[in-house]
Amino acid sequence: SENHPLWTEIDRVTLEQLHYAKLGVGEGGWDIFAEEGEMRMYKREQEIDGRVVDPLKAVHTVKGVTGHEMCHYFFNPDVRMEWETTLEQMTILESVSEDTLVFLQIHKRVWPAAQRDALFWSHIRSVPDARDSDGPRTWIVCNHSTDHDKAPECKNGKYIRVDLTVCMVCQTIVEPPKNGAEVTRDNLTCKVTYCSEINPGGWAPAAALRAVYKREYPKFLKKFTHYVYEQCKNKPILF
Ligand SMILES: O=S(=O)(CCO)c1ccc(-c2ccc(C3CCCC3)c([C@H]3C[C@H]3c3ccccn3)c2)cc1
(Lines give C-alpha, C1' and ligand atoms only; values in the text may rest on other atoms or scores of the structure.)
Protein backbone atom coordinates (compact mmCIF):
# COMPACT_ATOMS: atom_id res chain seq x y z
CA SER A 1 0.00 0.00 0.00
CA GLU A 2 3.08 2.21 -0.12
CA ASN A 3 1.89 3.66 -3.47
CA HIS A 4 -1.70 4.39 -2.36
CA PRO A 5 -2.53 8.15 -2.48
CA LEU A 6 -3.33 8.08 1.25
CA TRP A 7 -0.07 6.38 2.20
CA THR A 8 1.98 9.52 2.96
CA GLU A 9 -0.72 10.88 5.27
CA ILE A 10 -1.26 7.47 6.90
CA ASP A 11 2.43 7.13 7.65
CA ARG A 12 2.77 10.72 8.95
CA VAL A 13 -0.35 10.72 11.16
CA THR A 14 0.36 7.23 12.54
CA LEU A 15 3.89 8.20 13.60
CA GLU A 16 2.66 11.54 15.01
CA GLN A 17 0.02 9.71 17.08
CA LEU A 18 2.60 7.17 18.30
CA HIS A 19 4.76 10.03 19.56
CA TYR A 20 1.73 11.81 21.08
CA ALA A 21 0.58 8.66 22.89
CA LYS A 22 4.02 8.28 24.49
CA LEU A 23 3.90 11.77 26.00
CA GLY A 24 2.95 11.52 29.66
CA VAL A 25 0.00 13.30 31.23
CA GLY A 26 2.26 15.05 33.73
CA GLU A 27 2.41 18.31 31.81
CA GLY A 28 0.00 20.01 29.45
CA GLY A 29 -3.11 20.60 31.53
CA TRP A 30 -4.62 17.10 31.59
CA ASP A 31 -7.42 16.59 34.12
CA ILE A 32 -8.16 13.07 35.33
CA PHE A 33 -11.90 12.39 35.03
CA ALA A 34 -12.20 8.62 35.51
CA GLU A 35 -10.22 6.06 37.47
CA GLU A 36 -11.30 2.42 37.72
CA GLY A 37 -8.79 -0.22 38.73
CA GLU A 38 -5.79 0.13 36.42
CA MET A 39 -7.66 2.46 34.01
CA ARG A 40 -7.08 6.20 34.20
CA MET A 41 -8.79 8.66 31.85
CA TYR A 42 -7.66 12.22 31.26
CA LYS A 43 -9.10 15.05 29.23
CA ARG A 44 -8.25 18.62 28.30
CA GLU A 45 -11.19 20.98 28.04
CA GLN A 46 -10.89 22.57 24.59
CA GLU A 47 -13.45 24.34 22.40
CA ILE A 48 -12.97 25.21 18.74
CA ASP A 49 -15.57 27.58 17.19
CA GLY A 50 -17.61 27.09 20.36
CA ARG A 51 -17.60 23.30 19.87
CA VAL A 52 -16.35 20.86 22.47
CA VAL A 53 -13.33 18.99 21.08
CA ASP A 54 -11.87 17.84 24.40
CA PRO A 55 -8.78 15.71 23.68
CA LEU A 56 -8.85 12.46 25.61
CA LYS A 57 -5.97 10.26 26.79
CA ALA A 58 -6.56 6.97 28.59
CA VAL A 59 -4.00 4.58 30.04
CA HIS A 60 -4.77 1.05 31.16
CA THR A 61 -2.90 -2.10 32.16
CA VAL A 62 -4.40 -5.43 31.08
CA LYS A 63 -2.99 -8.77 32.27
CA GLY A 64 -2.89 -11.86 30.05
CA VAL A 65 -2.93 -10.36 26.55
CA THR A 66 -0.31 -8.99 24.13
CA GLY A 67 -0.24 -5.61 22.39
CA HIS A 68 -0.60 -7.39 19.08
CA GLU A 69 -3.80 -9.13 20.26
CA MET A 70 -5.28 -5.88 21.66
CA CYS A 71 -4.60 -3.96 18.42
CA HIS A 72 -5.75 -6.84 16.24
CA TYR A 73 -9.21 -6.82 17.85
CA PHE A 74 -9.43 -3.02 17.79
CA PHE A 75 -8.64 -3.01 14.05
CA ASN A 76 -10.67 -6.06 13.03
CA PRO A 77 -13.99 -4.99 11.43
CA ASP A 78 -15.55 -8.45 11.88
CA VAL A 79 -15.78 -8.09 15.67
CA ARG A 80 -16.39 -4.34 16.04
CA MET A 81 -20.12 -4.64 16.72
CA GLU A 82 -19.28 -7.05 19.58
CA TRP A 83 -17.68 -4.33 21.71
CA GLU A 84 -18.65 -0.95 20.12
CA THR A 85 -22.04 -0.16 21.68
CA THR A 86 -22.46 3.33 20.15
CA LEU A 87 -22.45 2.11 16.54
CA GLU A 88 -25.60 1.89 14.48
CA GLN A 89 -23.88 0.88 11.23
CA MET A 90 -20.36 0.17 9.99
CA THR A 91 -19.30 -0.16 6.35
CA ILE A 92 -15.87 -0.80 4.82
CA LEU A 93 -15.63 1.58 1.86
CA GLU A 94 -12.16 0.47 0.77
CA SER A 95 -9.62 -2.18 1.67
CA VAL A 96 -6.42 -0.26 0.98
CA SER A 97 -4.29 -3.20 2.09
CA GLU A 98 -4.13 -5.95 4.73
CA ASP A 99 -3.29 -3.32 7.36
CA THR A 100 -5.38 -0.36 6.15
CA LEU A 101 -9.16 0.00 5.72
CA VAL A 102 -11.49 2.94 5.09
CA PHE A 103 -14.62 2.86 7.30
CA LEU A 104 -17.93 4.71 7.23
CA GLN A 105 -19.56 4.44 10.69
CA ILE A 106 -22.96 5.75 11.71
CA HIS A 107 -23.09 6.39 15.45
CA LYS A 108 -26.20 6.20 17.57
CA ARG A 109 -27.80 9.56 18.14
CA VAL A 110 -26.69 11.43 21.25
CA TRP A 111 -29.71 13.52 22.30
CA PRO A 112 -30.21 16.46 21.83
CA ALA A 113 -27.45 16.61 19.16
CA ALA A 114 -28.17 15.52 15.58
CA GLN A 115 -26.96 12.04 14.57
CA ARG A 116 -23.34 11.74 13.40
CA ASP A 117 -21.32 9.62 11.05
CA ALA A 118 -17.55 9.13 10.86
CA LEU A 119 -15.48 8.48 7.71
CA PHE A 120 -11.91 7.48 8.46
CA TRP A 121 -8.97 5.35 7.43
CA SER A 122 -7.78 2.80 9.99
CA HIS A 123 -4.20 1.53 9.95
CA ILE A 124 -2.49 -1.11 12.07
CA ARG A 125 1.26 -1.64 12.39
CA SER A 126 3.90 -2.97 14.72
CA VAL A 127 6.52 -0.54 15.97
CA PRO A 128 10.04 -1.91 15.52
CA ASP A 129 12.29 -1.35 18.52
CA ALA A 130 15.95 -2.39 18.52
CA ARG A 131 15.64 -3.40 22.18
CA ASP A 132 12.93 -5.98 21.34
CA SER A 133 15.20 -9.00 20.95
CA ASP A 134 12.27 -11.38 20.33
CA GLY A 135 9.97 -9.41 18.02
CA PRO A 136 8.08 -6.09 18.26
CA ARG A 137 6.41 -5.44 21.59
CA THR A 138 4.51 -2.29 20.59
CA TRP A 139 1.58 -2.14 18.17
CA ILE A 140 -0.55 0.83 17.10
CA VAL A 141 -3.93 1.29 15.41
CA CYS A 142 -4.55 4.82 14.13
CA ASN A 143 -7.98 6.04 12.93
CA HIS A 144 -8.06 9.40 11.12
CA SER A 145 -10.89 11.16 9.27
CA THR A 146 -10.59 11.29 5.50
CA ASP A 147 -12.68 12.06 2.41
CA HIS A 148 -13.71 9.26 0.10
CA ASP A 149 -15.56 9.35 -3.17
CA LYS A 150 -17.66 6.34 -2.10
CA ALA A 151 -19.05 8.17 0.93
CA PRO A 152 -22.27 10.21 0.76
CA GLU A 153 -21.62 13.95 0.70
CA CYS A 154 -22.36 15.02 4.26
CA LYS A 155 -24.33 17.97 2.77
CA ASN A 156 -27.33 16.03 1.47
CA GLY A 157 -26.67 13.11 3.80
CA LYS A 158 -28.79 12.69 6.96
CA TYR A 159 -25.81 12.84 9.31
CA ILE A 160 -23.35 15.43 10.52
CA ARG A 161 -19.82 14.18 9.89
CA VAL A 162 -17.48 14.19 12.86
CA ASP A 163 -13.76 14.85 12.41
CA LEU A 164 -11.67 12.40 14.45
CA THR A 165 -8.16 11.20 15.14
CA VAL A 166 -7.81 8.18 17.42
CA CYS A 167 -4.91 5.95 18.35
CA MET A 168 -4.68 2.70 20.31
CA VAL A 169 -1.04 2.06 21.29
CA CYS A 170 -0.36 -1.24 23.07
CA GLN A 171 2.94 -2.47 24.52
CA THR A 172 3.56 -6.06 25.62
CA ILE A 173 5.54 -6.67 28.81
CA VAL A 174 6.72 -10.28 29.24
CA GLU A 175 7.89 -11.24 32.72
CA PRO A 176 10.12 -14.24 31.91
CA PRO A 177 8.98 -17.37 33.80
CA LYS A 178 11.35 -19.07 36.24
CA ASN A 179 13.94 -21.64 35.06
CA GLY A 180 13.30 -21.12 31.32
CA ALA A 181 9.72 -22.43 31.40
CA GLU A 182 7.48 -21.54 28.45
CA VAL A 183 5.82 -18.11 28.56
CA THR A 184 2.14 -18.36 29.52
CA ARG A 185 -0.56 -15.66 29.68
CA ASP A 186 0.24 -15.28 33.38
CA ASN A 187 3.56 -13.77 32.29
CA LEU A 188 1.91 -11.18 29.98
CA THR A 189 0.94 -7.57 30.70
CA CYS A 190 -0.34 -5.12 28.08
CA LYS A 191 0.19 -1.37 28.57
CA VAL A 192 -2.63 0.38 26.72
CA THR A 193 -2.67 4.07 25.72
CA TYR A 194 -5.80 5.27 23.94
CA CYS A 195 -5.97 8.84 22.59
CA SER A 196 -8.86 10.49 20.82
CA GLU A 197 -9.75 13.93 19.45
CA ILE A 198 -13.26 14.21 18.11
CA ASN A 199 -14.64 17.38 16.57
CA PRO A 200 -18.42 16.88 16.54
CA GLY A 201 -18.55 18.65 13.18
CA GLY A 202 -21.50 20.83 13.96
CA TRP A 203 -23.47 22.25 16.88
CA ALA A 204 -23.72 19.98 19.92
CA PRO A 205 -24.50 21.25 23.43
CA ALA A 206 -21.22 21.38 25.38
CA ALA A 207 -22.67 20.11 28.65
CA ALA A 208 -24.53 17.23 26.99
CA LEU A 209 -21.47 16.22 24.96
CA ARG A 210 -19.15 16.32 27.98
CA ALA A 211 -21.64 14.21 29.95
CA VAL A 212 -21.70 11.66 27.12
CA TYR A 213 -17.90 11.53 26.90
CA LYS A 214 -17.66 11.12 30.69
CA ARG A 215 -20.04 8.15 30.51
CA GLU A 216 -19.10 6.54 27.21
CA TYR A 217 -15.30 6.55 27.21
CA PRO A 218 -14.75 4.58 30.44
CA LYS A 219 -17.53 2.18 29.40
CA PHE A 220 -15.95 1.70 25.95
CA LEU A 221 -12.40 1.04 27.16
CA LYS A 222 -13.52 -1.34 29.92
CA LYS A 223 -15.83 -3.26 27.58
CA PHE A 224 -13.24 -3.42 24.77
CA THR A 225 -10.29 -4.58 26.92
CA HIS A 226 -12.46 -7.15 28.74
CA TYR A 227 -13.72 -8.41 25.35
CA VAL A 228 -10.13 -8.95 24.14
CA TYR A 229 -9.15 -10.74 27.37
CA GLU A 230 -12.12 -13.12 27.01
CA GLN A 231 -11.41 -13.75 23.31
CA CYS A 232 -7.75 -14.56 23.94
CA LYS A 233 -7.72 -16.40 27.25
CA ASN A 234 -8.09 -19.90 25.77
CA LYS A 235 -6.16 -19.24 22.54
CA PRO A 236 -2.44 -19.57 21.79
CA ILE A 237 -0.57 -16.31 22.46
CA LEU A 238 -0.23 -13.99 19.40
CA PHE A 239 3.02 -12.08 20.03
O1 LIG B 1 -12.06 4.63 18.91
S2 LIG B 1 -12.85 4.59 17.70
O3 LIG B 1 -12.18 4.89 16.46
C4 LIG B 1 -13.53 2.96 17.62
C5 LIG B 1 -14.25 2.71 16.35
O6 LIG B 1 -15.59 3.08 16.50
C7 LIG B 1 -14.15 5.74 17.89
C8 LIG B 1 -14.60 6.05 19.17
C9 LIG B 1 -15.63 6.98 19.34
C10 LIG B 1 -16.20 7.62 18.23
C11 LIG B 1 -17.28 8.63 18.42
C12 LIG B 1 -17.88 9.28 17.36
C13 LIG B 1 -18.87 10.23 17.59
C14 LIG B 1 -19.27 10.55 18.90
C15 LIG B 1 -20.31 11.63 19.20
C16 LIG B 1 -19.83 13.03 18.89
C17 LIG B 1 -21.11 13.84 18.76
C18 LIG B 1 -22.26 12.85 18.73
C19 LIG B 1 -21.66 11.45 18.56
C20 LIG B 1 -18.69 9.89 19.95
C21 LIG B 1 -19.16 10.20 21.33
C22 LIG B 1 -20.41 9.47 21.76
C23 LIG B 1 -19.11 9.40 22.50
C24 LIG B 1 -18.36 8.15 22.59
C25 LIG B 1 -17.17 8.12 23.25
C26 LIG B 1 -16.50 6.92 23.34
C27 LIG B 1 -17.03 5.81 22.77
C28 LIG B 1 -18.22 5.91 22.10
N29 LIG B 1 -18.89 7.08 22.00
C30 LIG B 1 -17.68 8.94 19.72
C31 LIG B 1 -15.72 7.29 16.95
C32 LIG B 1 -14.69 6.37 16.80
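We count ligands from 1, going down the list as the structure has it; atoms in each ligand are counted the same way. Just so you know, residue 1 is the first one in the sequence shown, and it goes up from there.
- Selection from His107, Gln115, Glu84 by nearest heavy atom to atom 10 (C) of ligand 1 gives His107.
- Looking at Leu221, Ile198, Val212, it is Ile198 that brings a heavy atom closest to atom 9 (C) of ligand 1.
- Under a cutoff of 6.0 Å and an axis angle of 45°, Arg80 and Phe103 form a cation-pi pair.
- Between Gln105 and ligand 1, an N or O atom pair is found at a separation short of 3.5 Å.
- When the shell of 6.0 Å around CZ of Phe220 is examined, it contains more than 12 heavy atoms from other residues, nucleotides or ligands.
- Residue contact check for ligand 1: Phe103 places no non-hydrogen atom closer than 4.0 Å to it.
- Residue, atom and distance of the protein heavy atom nearest to atom 32 (C) of ligand 1 are Leu164 CD2, 3.8 Å.
- For the pairing with Arg125, the side chain to side chain donor-acceptor pair (under 3.5 Å) check across Asp11, Thr14, Asp99, Thr100 returns one residue only, Asp11.
- Atom 18 (C) of ligand 1 has Arg116 CD, 3.8 Å as its closest protein atom, hydrogens excluded (heavy atom only).
- Minimum heavy-atom separation, Arg185 to Ile237: NH2-CA, 3.4 Å.
- With hydrogens left out, the protein atom closest to atom 1 (O) of ligand 1 is Tyr194 OH, 2.7 Å, a heavy atom.
- The nearest protein heavy atom to atom 14 (C) of ligand 1 is not closer than 4.0 Å.
- Phe224 and Tyr73 have their aromatic ring centers separated by at least 6.0 angstrom.
- The closest non-hydrogen atom to atom 17 (C) of ligand 1, taken over Val110, Leu56, Leu209, comes from Leu209.
- In this model, no donor atom of one side chain and acceptor atom of the other lie less than 3.5 Å apart for Glu182 and Thr184.
- Polar contact with ligand 1: absent for Glu216 (N/O pair, distance under 3.5 Å).
- Between Trp121 and His4, the ring centre distance reaches or exceeds 6.0 Å.
- Ring geometry for His68 against Trp139 counts as parallel: the plane angle stays under 30°, on a 0 to 90° scale with 60° as the upper cut.
- The protein heavy-atom contact nearest to atom 27 (C) of ligand 1 is Phe220 CB, 3.9 Å.
- From the protein, the heavy atom lying nearest to atom 3 (O) of ligand 1 is Asn143 ND2, 2.9 Å.
- Judged by distance alone, with hydrogens and angles left aside, the side-chain atoms of Arg116 form a donor-acceptor pair with the main-chain N or O of Gly202 at under 3.5 Å.
- Nearest to atom 16 (C) of ligand 1 among the protein's heavy atoms is Tyr213 OH, 4.0 Å.
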